[in-house]
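A quick write-up on the structure given underneath.
Only this structure's heavy atoms are used, side chains among them; waters, hydrogens and symmetry mates stay out.
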Amino acid sequence: MSSHKGEHQTVPLSVLLKRELANEKIERPEIVSGQANQSKKGEDFTLIKSECQRVLGDGVTTYSVFGILDGHNGAAAAIYTKENLLNNVLSAIPADLNREEWIAALPRALVAGFIKTDKDFQEKGQLSGTTVTFVIIEGFIVTVASVGDSRCILESADGSLYYLSADHRFEDNEEETERVTASGGEVGRLNTGGGTQIGPLRCWPGGLCLSRSIGDLDVGEFIVPVPYVKQVKLSSAGGRLIIASDGVWDALSAEAALECCRGMPPDAAAGQVVKEAVQPKGLRDDTTCVVVDILPAEKTNPPPMPQHKKMTKGVFKVKTIFKRKSTESTSHIGEEYLEPDVVEELVEEGSAMLSERFDTKYPLCNMFKLFTCAVCQVEMKPGEGISIHAGGSCNTRNSRPWDGPFLCVTCQEKREAMEGKNHSGNGRYSSGSE
C-alpha cells in the first residue's frame, strides 16, 4: 500500500538529529500501548517490548518494539518469528554505533533479520507461514518493516493519516504479481473445473494470496521475506499508531479504525477497533489490534490544543486526540510549543532485490561487520564472501562486485532463489489459505 505524504519534504536523518542536539538534549516521548484480540484459529500473535535498552557511549538509551504476526497453515512460523526476529535484527547492527548510525542502520538490519528468520525457520522443514508488521520506536523516530497484509497506520498530532506498511496481496499489488511470475511462480485464481475460477489471486504452487511472508516452505522462494520498510520522524507533538492483522483491515478502513476509538486510551482503543471489526459479520478470522500512543514529553506548561486542519492532497485530516486538555490559558504557552505537527519521511524502500536494499550511502564499516555475512552474521574468511553486488543490477549506487557487503554461500543461494535465478523451492502443493 502506498504512503500518503501530502506535500511534506524529505529531510536527511543527520539534519533532524542535529536539530535535536542543537536543542541541548534529546527529549524522549512517553510510549503507552494497549492490545486486544478475538481468536478464531489461534494463529495471531503480538510482540510488545516497551523498554528495550541499548548501551550508547557512557549511558543507556531505550527504544520500544511492537509487532503483529498473523500465521497461516498453523502457528509455528508466527511463534518462531515472535521469538527470534528481534534478536536477528539486532545481531545485524554493529554494537559500537552512535544514535544516528544506529537509526540509519535499522532499515538494512530489518531486511537482514527478516531473511535470516525465514531462512532459519525453513530449515526446520515446517510448512506454515506468517505475515509480519514490525515496529521500532526510538525517540520520535518510527521504523516499520512489513511482509504480508497486516498493516500499520499513523495519525500524527495534527490529524494527518499515514500508511507505514505495504499490502503484499496479489489482488492489490500488480508489481508483486509481475515480480513473482518473472521469478518462476504462477499467479491465478483457484480453478474449480470447467474453466470456472473463483476467489482471490493466488500463487501456485501453494495457493498463497501473499507475495511476501516468513516461512511457507512449500510455496517457492520467490515468495520472499524481504520487508517493505518505512522510517519517519514525528514532531515532538507525537502521534498514534494502529497495528492490526487483516481481520481488522478486511472490515475497517484506516479512517474508520481511527475514528471509532477517538479519545480512548490505548487499551480501550484496541478493544474498540476489534469490536468494530468483528461486529458486522461476526468473528470470521483472528482479529488482533495493537494501539500505541507516542506522547509528548512532560513539560512545565502544557502544549496548546491543535487547530482543526482542512484536507490536503493525499492526506485525510481528522480531529486530533493526542494532546492533553488543560485548564490553563494558552496565553502562557512558550514559543517552544509551536513546532509544526509534521511527519518527516526518512526512508521508504520496498524492493525485493538485496543489491538495492543493502546499498548504502553510509560507510560500510559502520553498517556491516567486516568478513561477516550481511544476512546470517556467520564469520567468513577473507575471500570467502560473495558480494551483494555480484550479478546485480548496474543501476545500484555501487555495482562493483568486489565491494561489500558480502553474503555467505548459503545466503547467496537464498538470494538467487528469491530472485528466480534458481528454483530451490520444493514446489509441493498445499492448501495455504492466507
query: Below 4.5 Å, heavy atoms only, C-beta onward: do Val144 and Phe134 meet side chain to side chain?
result: no
task: Decide yes or no for Ser33 and Val291: does some side-chain heavy atom of the first lie under 4.5 Å from some side-chain heavy atom of the second?
output: no
message: Apply side chain to side chain contact (heavy atoms under 4.5 Å, CB included) to residues Asp167 and Arg151 and explain how you reach the verdict.
response: CA-CA 7 Å; Asp167 197 326; Arg151 301 177 192 167; 2.7 Å; yes
- prompt: Which heavy atom in Val226 sits nearest to a heavy atom in Arg212, and how many Å separate them?
  reply: O-NH1, 2.8 Å
message: In the structure I gave you, are the side-chain heavy atoms of Leu110 and Thr143 within less than 4.5 Å of one another anywhere?
response: yes
- request: Could you tell me whether a side-chain N or O of Trp204 sits under 3.5 Å from a main-chain N or O of Gly188, the two making a donor and an acceptor?
  value: yes
- prompt: Does the pair Thr62 and Cys52 meet the rule for a side chain to side chain contact (heavy atoms under 4.5 Å, CB included), with working shown?
  reply: CA-CA 5 Å; Thr62 61; Cys52 299; over 6 Å; no
message: Using 0.5 Å steps for rounding, measure from the CG atom of Leu407 to the CD atom of Gln412.
response: 5.5 Å
query: When you measure from the side chain of Ser64 to the backbone N and O of Ser50, does any donor-acceptor pair fall under 3.5 Å?
result: yes
task: Go through the side-chain N and O atoms of Ser213 and Asp216 and say whether any donor and acceptor fall under 3.5 Å apart.
output: yes
- request: Return yes if some donor-acceptor pair links the side-chain N/O of Glu43 with the main-chain N/O of Gly74 below 3.5 Å, else return no.
  value: yes
- prompt: Heavy-atom count around Gln197 CD within 6.0 Å, excluding the residue itself: above 12?
  reply: yes
query: Under 3.5 Å, side chain of Thr177 to main-chain N/O of Asn173, donor-acceptor pair present?
result: yes
- line: When every non-hydrogen atom of Ile136 is compared with those of Leu106, the smallest separation belongs to CD1-CD2, 3.8 Å
message: Would the distance check show the side chain of Thr133 and the main-chain N or O of Ser150 forming a donor-acceptor pair, the cut-off being under 3.5 Å?
response: yes
message: With heavy-atom distances below 4.5 Å as the criterion, would you say the side chains of Asp359 and His389 are in contact?
response: yes
query: Does the side chain of Ser39 come under 3.5 Å of the side chain of Asn37 through a donor N or O and an acceptor N or O?
result: no
task: Take Asn84 and Thr117 through the side chain to side chain donor-acceptor pair (under 3.5 Å) test and state the conclusion after the steps.
output: CA-CA 7 Å; Asn84 293 277; Thr117 303; over 6 Å; no
task: Determine whether Glu255 and Leu161 make a side-chain contact, defined as any pair of heavy atoms from C-beta on separated by less than 4.5 Å.
output: yes
message: Side chains of Thr46 and Gln35 only: does a donor on one sit below 3.5 Å from an acceptor on the other?
response: yes
task: Return the minimal non-hydrogen interatomic distance between Met264 and Cys260, and the atom names on each side.
output: CE-O, 3.9 Å
- prompt: In terms of side-chain geometry, is the basic nitrogen of Asp118 or Lys414 positioned less than 4.0 Å from the acidic oxygen of its partner?
  reply: yes
statement: Taken to the nearest 0.5 Å, the spacing of Ile103 CD1 from Ile141 CD1 works out to 3.5 Å
field: Ionic contact status for Glu138 with Arg28, cut-off 4.0 Å
entry: yes
- prompt: Between Thr81 and Ala78, is there a donor-acceptor pair closer than 3.5 Å when you use the side chain of the first and the backbone of the second?
  reply: no
Electrostatic pair Asp293:Arg240 at N-O distance under 4.0 angstrom: yes
- request: Could you tell me whether Arg189 atom CZ has more than 12 heavy atoms of other residues or ligands within 6.0 Å of it?
  value: yes
Contact check, side chains of Tyr162 and Ser156, non-hydrogen atoms, under 4.5 Å: yes
- request: Mind listing the closest non-hydrogen atom pair of Glu384 and Met380 along with its distance?
  value: OE1-CA, 3.6 Å
task: To the nearest 0.5 Å, tell me how far Leu164 CG sits from Leu154 CG.
output: 5.0 Å
- prompt: Is there a side-chain contact between Phe66 and Ile137, using heavy atoms and a 4.5 Å cut-off?
  reply: yes
- request: Could you tell me whether the side chain of Gln122 and the main chain of Gly215 form a donor-acceptor pair under 3.5 Å?
  value: yes
- prompt: Is any side-chain heavy atom of Phe114 less than 4.5 Å from a side-chain heavy atom of Val132?
  reply: yes
message: Could you check whether Glu413 pairs with Lys119 (Lys NZ or Arg NE/NH1/NH2 to Asp/Glu carboxylate O, under 4.0 Å)?
response: no
message: The test is side chain to side chain contact (heavy atoms under 4.5 Å, CB included); show your working for Phe358 and Phe406 and say whether it passes.
response: CA-CA 10 Å; Phe358 284 158; Phe406 297 94; over 6 Å; no
- prompt: Side-chain donor-acceptor pair under 3.5 Å between Tyr228 and Glu348, yes or no?
  reply: yes
message: For the backbone of Phe170 and the side chain of Ser211, can you confirm whether one donor and one acceptor N or O come within less than 3.5 Å of each other?
response: no
query: With no hydrogens and no angle check, is any side-chain donor or acceptor of Glu101 less than 3.5 Å from a backbone partner on Asn98?
result: yes
task: Measure across Cys373 and Cys408 and return the closest heavy-atom pair with its distance rounded to 0.1 Å.
output: SG-N, 3.3 Å
message: Check whether Arg54 reaches the backbone of Trp102 with its side chain - one donor and one acceptor, N or O, closer than 3.5 Å.
response: no
field: Distance-only side-chain donor-acceptor flag, Ser245 / Asp44, under 3.5 Å
entry: yes
query: At what distance, to the nearest 0.5 angstrom, does CD of Glu344 lie from OG of Ser235?
result: 9.0 Å
message: Whether Arg169 and Asp149 form a salt bridge (side-chain N of Lys/Arg under 4.0 Å from carboxylate O of Asp/Glu) is what I want to check.
response: yes
message: Assess whether a salt bridge exists between Glu349 and Arg108, defined as any Lys/Arg side-chain N lying under 4.0 Å from an Asp/Glu carboxylate O.
response: yes
task: May I ask you to say whether Glu175 pairs ionically with Arg179, meaning some side-chain N is under 4.0 Å from a carboxylate O?
output: no
field: Interatomic distance, Ile386 atom CD1 to Arg415 atom CZ [nearest 0.5 angstrom]
entry: 9.0 Å
message: Distance check, rounded to the nearest 0.5 Å: Ser165 atom OG versus Ile153 atom CD1?
response: 9.0 Å
statement: Looking only at heavy atoms, the pair that brings Ala109 and Ile93 closest together is CB-CG1, 3.4 Å
task: Show the numbers, then the answer: is there a side chain to side chain contact (heavy atoms under 4.5 Å, CB included) between Arg99 and Thr61?
output: CA-CA 9 Å; Arg99 181 171 182 255; Thr61 186; 5.6 Å; no
